[in-house]
There are 2 protein chains.
Amino acid sequence: MTNQTAAEAIIDTGKTEDPLGKRLRARRRELSLTLKEVADGAGLSVGFISQVERGLTVPSLSSLASIAGVLDSHVTTFLAQPEGKSQLTRHNERPIYAVDKAALSYERLSTTFPGSVLNSVIVHEPPGYRSEPIQHVGEEMFFVLQGAITLEVEDETTVLQAGDSIHFASMRRHSSWNHTAEPATILHVCTMDVFGDNPQQNQEPGNRAGHLNHHK
Amino acid sequence: MTNQTAAEAIIDTGKTEDPLGKRLRARRRELSLTLKEVADGAGLSVGFISQVERGLTVPSLSSLASIAGVLDSHVTTFLAQPEGKSQLTRHNERPIYAVDKAALSYERLSTTFPGSVLNSVIVHEPPGYRSEPIQHVGEEMFFVLQGAITLEVEDETTVLQAGDSIHFASMRRHSSWNHTAEPATILHVCTMDVFGDNPQQNQEPGNRAGHLNHHK
DNA sequence: CCTAAATTTTACCAATACTAAAATTGGGGG
DNA sequence: CCCCCAATTTTAGTATTGGTAAAATTTAGG
């Protein structure tokens, strides 16, 4: 509609934000590398890098990966990033989600804005509660606010006390267990779309089940 | 070296993990969509989607974006994801980073594994401490553990008490200020490479300054 | 200014992203 | 069992565009 370059039009999430090329250039400058250095490192030509950085061409995924490698960053760094309103939650006025009457409940901290990947909730685990082992895309972190829990990640079994934290890739099969007689409160952050919203474009919103199913 | 498909070889981060295609298929199944539905939605051909999902072809970034859109997900969802050892930190034995003697200090919670984007630290802000306003790629979340701080995100000024949280895109200019007479403890999570490590491949590691510079 | 490094531009080619259509699989019924 | 339909895979083939090499331009010193 407007006259942005093809690359810009293609890549960005719909919101106006820094396009791929700009970020690559910014990152290269940050490391004070020359086009040639990047090109050589990535096995590509100098001119091409120039084109990409100015949004005249869209690199293939493999090329982008190479370039990202030289820039010592992850591919995802350069793809559409969030933008939106910040979301405040007060400890006394948060939406609470009770998944099953068995008393496990969530307080949602983060919200969803276009491109957001961060998801945080406060989880209240009643004494004895045990979650099904699950694995999924992303990574996550637990920080124990109150009480203690036992966390199993694949073969490691760890007891976390208040103030302890753990960080791991969510693909590793994991489950948690409140082995104590006291309720435990955990701050849980993950990079996934736990609540099943975050529509990339507005399609039929309802009926999509979240991934937080401690299903059968 | 081995005989994985070209696509697999190209995309993955070096670690063995689910390649792009597998994830796309998994996601499609999750939404119980047909190849045709995805193809139509994305404006691509059925056969092509099939090829992509089986790793016979690598889609262009634009195509991938379209497909991701139909799958109601962010592009990054399907690109290399973390894998590694989980990292435990005990509240009494964490590495502490003191940035300037002015007494601001960090306890690092998360570690870095290939592809990880999650970064969490506990920040101790002494009374009166004020950080420089910064903006950068990514998104972040503050959760106040003790005390209170004033957080400014662009034009919004918010006072956060213990237990409160805020979540916003890091591109929005932000700074924090401990306006109280007590030290404040904040759990800070962001999707960026705060500590400046996370080498995608092992290049010269040293000398790269972190981004947490409250520099002049 | 003169030179050399860094970047941009141009012209061109070949790899491959993508298509269209035919071949295969896989259920359910009747 | 066989027909039918939906879903997926396979096969050829083309056109796009990702990518190159080299010349043109800019930038920065000395």
*Asks:* Run the side-chain contact (heavy atoms from CB on, under 4.5 Å) test on D164(A) and V159(A) for me, step by step, so that the C-alpha distance in whole Å, both residues' side-chain angles and the decisive distance to 0.1 Å come before the verdict.
*Replies:* CA-CA 9 Å; D164(A) 295 344; V159(A) 175; over 6 Å; no

*Asks:* With a cut-off of less than 4.0 Å, is there a side-chain N or O of S45(B) near OP1 or OP2 of dA20(C)?
*Replies:*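 For dA20(C), neither OP1 nor OP2 has a side-chain N or O of S45(B) closer than 4.0 Å.
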
*Asks:* Specify the separation, in whole Å, of atom CG of L61(B) and atom C1' of dT16(C).
*Replies:*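 In whole Å, dT16(C) C1' lies 15 Å from L61(B) CG.
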
*Asks:* Give a yes/no on whether any side-chain N or O of S63(B) is located under 4.0 angstrom from OP1 or OP2 of dA17(C).
*Replies:*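 It does not, given that no N or O in the side chain of S63(B) lies less than 4.0 Å from OP1 or OP2 of dA17(C).
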
*Asks:* Please work out if T34(A) contacts a base, only the sugar-phosphate, or nothing of the nucleic acid, heavy-atom cut-off 4.0 Å.
*Replies:*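 Result for T34(A) = sugar-phosphate.
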
*Asks:* Do the non-hydrogen side-chain atoms of H188(B) and E140(B) ever get within less than 4.5 Å of each other?
*Replies:*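 The answer is yes; the side chains approach within 4.5 Å.
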
*Asks:* Among dT8(D), dT20(D), dT7(C), which nucleotide sits nearest the side chain of R25(B)?
*Replies:*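 The closest nucleotide is dT8(D).
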
*Asks:* Distance alone, cut at 3.5 Å: any donor-acceptor contact between the side chains of E152(B) and H174(B)?
*Replies:*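 H174(B) and E152(B) do not have a side-chain donor-acceptor pair below 3.5 Å.
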
*Asks:* Using a distance-only criterion (donor-acceptor N/O pair, under 3.5 Å, no hydrogens), is the base of dT7(C) paired with the side chain of E53(A)?
*Replies:*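 Between dT7(C) and E53(A), which were checked side chain against base, a qualifying N/O pair under 3.5 Å is absent.
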
*Asks:* Go through dT19(C), dA17(C), dT20(D) for me and flag the one nearest to the L44(B) side chain.
*Replies:*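 Looking only at heavy atoms from C-beta outward on L44(B), the closest nucleotide is dT19(C).
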
*Asks:* Write down the distance between CG (L56(B)) and P (dT9(D)), rounded to a whole number of angstrom.
*Replies:*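 Value for this atom pair: 9 Å.
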
*Asks:* Between the side chains of S63(B) and S60(B), does any donor sit under 3.5 Å from an acceptor?
*Replies:*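 Yes, because at least one side-chain N or O of S63(B) sits under 3.5 Å from a partner of the opposite role on S60(B).
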
*Asks:* Measure CD1/I49(A) against C1'/dT8(C) and give the value in whole Å, please.
*Replies:*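 Interatomic distance, CD1 of I49(A) to C1' of dT8(C): 14 Å.
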
*Asks:* Picking from dT7(C), dG19(D), dT9(D), which would you name as closest to the side chain of P59(A)?
*Replies:*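 The closest nucleotide is dG19(D).
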
*Asks:* Can a donor-acceptor pair be found between the side chains of T150(B) and H179(B) at a distance below 3.5 Å?
*Replies:*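 Yes, H179(B) and T150(B) have a side-chain donor paired with an acceptor closer than 3.5 Å.
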
*Asks:* For the pair made of CG in L33(A) and C1' in dA6(C), what is the distance, rounded to whole Å?
*Replies:*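 It is 13 Å, rounded to the nearest whole Å.
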
*Asks:* Identify which nucleotide among dT10(D), dG19(D), dA17(C) has an atom closest to any side-chain atom of T57(B), counting heavy atoms from C-beta outward.
*Replies:*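 The answer is dA17(C), which lies nearest to the side chain.
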
*Asks:* For R28(A) and dA6(C), is the shortest distance between a side-chain N/O and OP1 or OP2 below 4.0 Å?
*Replies:*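 No.
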
*Asks:* Has S60(A) got a side-chain N or O lying under 4.0 Å from the OP1 or OP2 atom of dT17(D)?
*Replies:*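 False: S60(A) side-chain N/O out of range (4.0 Å or more) of dT17(D) OP1/OP2.
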
*Asks:* Starting from C1' on dT8(D), measure out to CZ on F48(B) and report it in whole angstrom.
*Replies:*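 Taking CZ of F48(B) and C1' of dT8(D), I get 16 Å after rounding.
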
*Asks:* Measuring from the side chain of R54(A) (C-beta onward, heavy atoms only), which nucleotide among dT8(D), dT19(C), dT9(C) has the closest atom?
*Replies:*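 Ranking dT8(D), dT19(C), dT9(C) by closest atom to the R54(A) side chain puts dT9(C) first.
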
*Asks:* Take V46(B) and Q51(B), find for each the nucleotide of DNA chain D with the closest heavy atom, and name the residue whose nucleotide sits nearer the 5' end.
*Replies:*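 It is V46(B), whose closest nucleotide lies nearer the 5' terminus.
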
*Asks:* Without decimals, in angstroms, what is the distance between L35(A) CG and dT26(D) P?
*Replies:*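 It is 16 Å, rounded to the nearest whole Å.
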
*Asks:* To the nearest angstrom, how far is R29(A) atom CZ from dA6(C) atom P?
*Replies:*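 It is 12 Å, rounded to the nearest whole Å.
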
*Asks:* Say whether E132(A) and S175(A), considering side chains only, have a donor N or O and an acceptor N or O under 3.5 Å apart.
*Replies:*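 Side-chain D/A pair, E132(A) to S175(A): absent.
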
*Asks:* Whole angstrom is fine here: how far is it from CG in L64(B) over to C1' in dC18(C)?
*Replies:*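 It is 15 Å, rounded to the nearest whole Å.
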
*Asks:* Let's see if you can work this out: which of dT10(D), dG18(D), dT8(C) has an atom nearest to the side-chain heavy atoms of S50(A)?
*Replies:*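 My answer, after comparing the listed nucleotides, is dT8(C).
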
